[in-house]
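Residues take their numbers from the sequence shown, with the count starting at 1.
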Amino acid sequence: MTSSPSVAVVGAGPAGLAAAEVLAQGGARVTVHDAMARPGRKFLLAGRGGLNLTHSEPLDRFLARYPAPMRPFIEAFPPQALIAWCEALGQPVFTGSSGRVFPVAMKASPLLRAWLRRLEALGVTFRAGWRWQGFGPGRTLRFDQGGVTPDAAILACGGASWPQLGSDGAWAQAFPEEAVAPLEPANMGFHVGWSVPFATRFAGAPLKRVVLRLGDQSWRGEAMISARGIEGGIIYAAAAALRGAVPVTVMLDLRPDLDLAALRARLGGGAQSLANRLRRAGLAPVAAGLVQEALRAGAPREDVAGLLKALPVRLEAPMGLARAISTAGGLRWEQLDPRLMLRDRPGIFCAGEMLDWEAPTGGYLLQGCFATGQAAGQGALDWLRSPSAAPATSAGS
């Protein structure tokens with residue numbers, strides 16, 4: 001390759017910044033273009049909940065969370081590598097009781113500041129307010145600010161969730177329709193037709209230690225009632241299965257720690273009011289409210305214990321991309337070679353959430369973005385060193 005090739009990176013999220021770091025360390029002149037005024041906007045939003053970087057589970061189980069084409073990139077940059085990278089930036093981590101890994105600071109801003117300082121020290125240039133518009137001839141990239149023709153390019157345009165933070169999925173229009181799997185919400189809540197009194201009283205209330213069942217599948221954890229439906233960890237974990245089934249009625253076990261016989265004994269009988277029986281069952285007010293909702297909707301009153309073990313909740317539709325944590329669908333894998341280079345556009349590589357994969361919550365999304373960003377950056381360096389890499393024909397990035 002030339003002594004200092006130019007590389008344009010589109011997108012200043014974790015995948016784009018990870019690619020930029022690898023490229024700059026490899027001697028490339030890197031310019032990161034992003035539509036937003038500041039880099040890492042969605043990364044900062046993710047950090048508001050504690051910044052779940054990755055997960056500590058065994059690597060074989062961890063790899064199974066990803067589609068087969070992703071696994072080599074995760075193996076090349078596994079959770080321990082991401083942890084070491086984070087700590088080298090002065091941000092120690094800890095592993096929570098669930099196995100999830102977080103920075104001790106429990107937010108993204110200190111990590112992002114340290115990362116940007118490192119990138120600037122490596123000579124990476126940032127162009128804010130540059131929105132990618134599509135491809136021009138050869139390796140030319142069209143922006144609303146003008147055209148750029150680098151020696152190589154990385155597209156890390158994100159998915160389509162939280163579009164106000166920059167990743168609105170508009171990049172899909174630059175590709176043939178058949179090249180992109182439809183972008184859909186992932187790790188999202190679902191609309192439920194709550195009664196007005198229930199929604200008014202319990203919006204924002206956590207529903208703890210429950211089991212959700214759909215057919216022979218089950219998920220254990222917590223949820224949160226919202227004014228429009230139900231969200232939270234257990235719902236996000238089940239979202240991929242639920243998305244294709246709605247409208248659907250799922251069953252909630254409100255006391256999974258008690259079997260049916262034990263629960264019946266605790267509830268007792270006689271002339272007790274329903275409210276007293278639910279208190280005897282140890283239900284939180286929001287869980288008791290769900291029982292009342294089910295009864296109003298026509299659930300049988302004869303077997304309260306059975307209702308607590310299998311409480312029906314009708315999910316009407318998934319909440320939209322604007323509120324989803326992440327995106328399912330994206331650029332199909334057959335469009336890319338094993339280095340993440342577009343097969344029909346040599347020298348242009350892709351990474352991050354714009355690829356066709358869907359990560360469950362638990363640190364898998366950020367790990368995948370970092371790993372594919374690293375892989376795309378290294379792939380671009382390897383390609384630039386190859387005889388097939390012709391230099392750009394006009395001014396670089």
Side-chain angles (χ1 to χ4, degrees), residues 1-47 51 53-54 73 76-77 81-93 103 105 107-132 141 143 145 148 150-158 165-167 340 348-354 365-384 396-397:
M1 70 179 177
T2 59
S3 58
S4 186
S6 65
V7 183
V9 175
V10 180
L17 297 182
E21 184 172 2
V22 169
L23 287 158
Q25 289 172 336
R29 290 180 293 113
V30 183
T31 302
V32 178
H33 306 75
D34 195 83
M36 305 305 287
R38 294 181 180 177
R41 289 292 304 278
K42 192 174 177 183
F43 186 57
L44 290 172
L45 177 72
L51 194 65
L53 275 174
T54 187
F73 311 126
F77 190 77
L82 178 53
I83 290 169
W85 171 89
C86 185
E87 293 185 333
L89 283 170
Q91 298 299 310
V93 304
K107 54 185 177 180
S109 51
L111 177 59
L112 181 61
R113 285 196 298 270
W115 195 6
L116 294 176
R117 285 195 297 269
R118 174 188 284 180
L119 292 172
E120 289 167 359
L122 287 168
V124 175
T125 300
F126 289 86
R127 287 179 173 172
W130 279 60
R131 184 175 296 277
W132 185 54
L141 304 176
F143 295 87
Q145 306 277 20
V148 167
D151 293 311
I154 309 289
L155 302 180
C157 303
L165 301 179
S167 57
L340 294 176
I348 298 181
F349 296 74
C350 300
E353 200 178 344
M354 69 180 292
L365 179 63
L366 280 176
Q367 177 73 53
C369 288
F370 275 94
T372 56
Q374 288 256 338
Q378 188 59 54
L381 286 176
D382 293 343
W383 180 80
L384 285 163
S397 63

### Message
Can you confirm whether Leu51 sits close enough to Pro103 that some side-chain heavy atom of one is under 4.5 Å from a side-chain heavy atom of the other?
### Response
yes
### Task
Supply the atom-to-atom distance Leu365 CG to Cys369 SG, rounded to the nearest 0.5 angstrom.
4.5 Å
### Message
Holding to side chain to side chain contact (heavy atoms under 4.5 Å, CB included), I want the full list of residues that pass it with Pro110, two or more places apart in sequence or in another chain.
### Response
Gln91, Ala105, Lys107, Arg113
### Query
Within the distance-only criterion (no hydrogens, no angle test), does the side chain of Ser6 pair as donor or acceptor with the backbone N or O of Arg29 below 3.5 angstrom?
no
### Considering all heavy atoms, the nearest Gly158-Ser167 contact
CA-CB, 4.0 Å
### Task
Of all the heavy-atom pairs spanning Trp383 and Asp151, show the shortest one and how long it is.
CZ3-O, 3.3 Å
### Task
Report the C-alpha separation of Val148 and His33 in whole Å, then their side-chain angles, then the decisive distance to 0.1 Å, and conclude whether the side chain to side chain contact (heavy atoms under 4.5 Å, CB included) test is met.
CA-CA 10 Å; Val148 167; His33 306 75; 4.1 Å; yes
### Summary
Applying side chain to side chain contact (heavy atoms under 4.5 Å, CB included) to Ala114 and not counting sequence neighbours gives Leu89, Arg117
### Message
Quick check for you: to the nearest 0.5 Å, what is the distance between Leu53 atom CG and Gln367 atom CD?
### Response
8.5 Å
#### Entry: Arg41 to Arg38 - nearest heavy-atom pair and separation
CG-O, 3.4 Å
### Partner set under side chain to side chain contact (heavy atoms under 4.5 Å, CB included) for Leu44, not counting sequence neighbours
Ala108, Ser109, Leu112
### Message
Strictly distance-based, threshold 3.5 Å: is any side-chain N or O of Glu353 a donor or acceptor partner for the main-chain N or O of Leu366?
### Response
no
### Message
Tell me every residue that passes side-chain hydrogen bond (donor to acceptor under 3.5 Å, both in side chains) with Thr372, counting only those two or more places apart in sequence or in another chain.
### Response
none
### Query
Taking only residues two or more places apart in sequence, or in another chain, which ones meet Arg131 in a salt bridge (Lys or Arg N to Asp or Glu O under 4.0 Å)?
Asp168
Atom pairs and distances, side-chain donor-acceptor, residues 7-27, under 3.5 Å, sequence neighbours left out:
residue, atom, partner, partner atom, Å
Glu21, OE1, Trp85, NE1, 3.1
Glu21, OE1, Trp115, NE1, 2.9
Glu21, OE2, Arg118, NH1, 2.6

### Query
Hey, what's the ring geometry for Phe370 with Phe77, parallel, tilted or perpendicular (30° and 60° as the breaks)?
parallel
### Task
Start with the C-alpha distance between Ile154 and Leu340, add both sets of side-chain angles, then the distance that settles side chain to side chain contact (heavy atoms under 4.5 Å, CB included), and finish with yes or no.
CA-CA 9 Å; Ile154 309 289; Leu340 294 176; over 6 Å; no
### Query
Rounded to the nearest 0.5 Å, how far apart are CG of Asp34 and CH2 of Trp130?
12.5 Å
### Task
Over all heavy atoms of both residues, which pair between Gly90 and Pro92 is shortest? Give the atoms and the distance, please.
O-CD, 3.4 Å
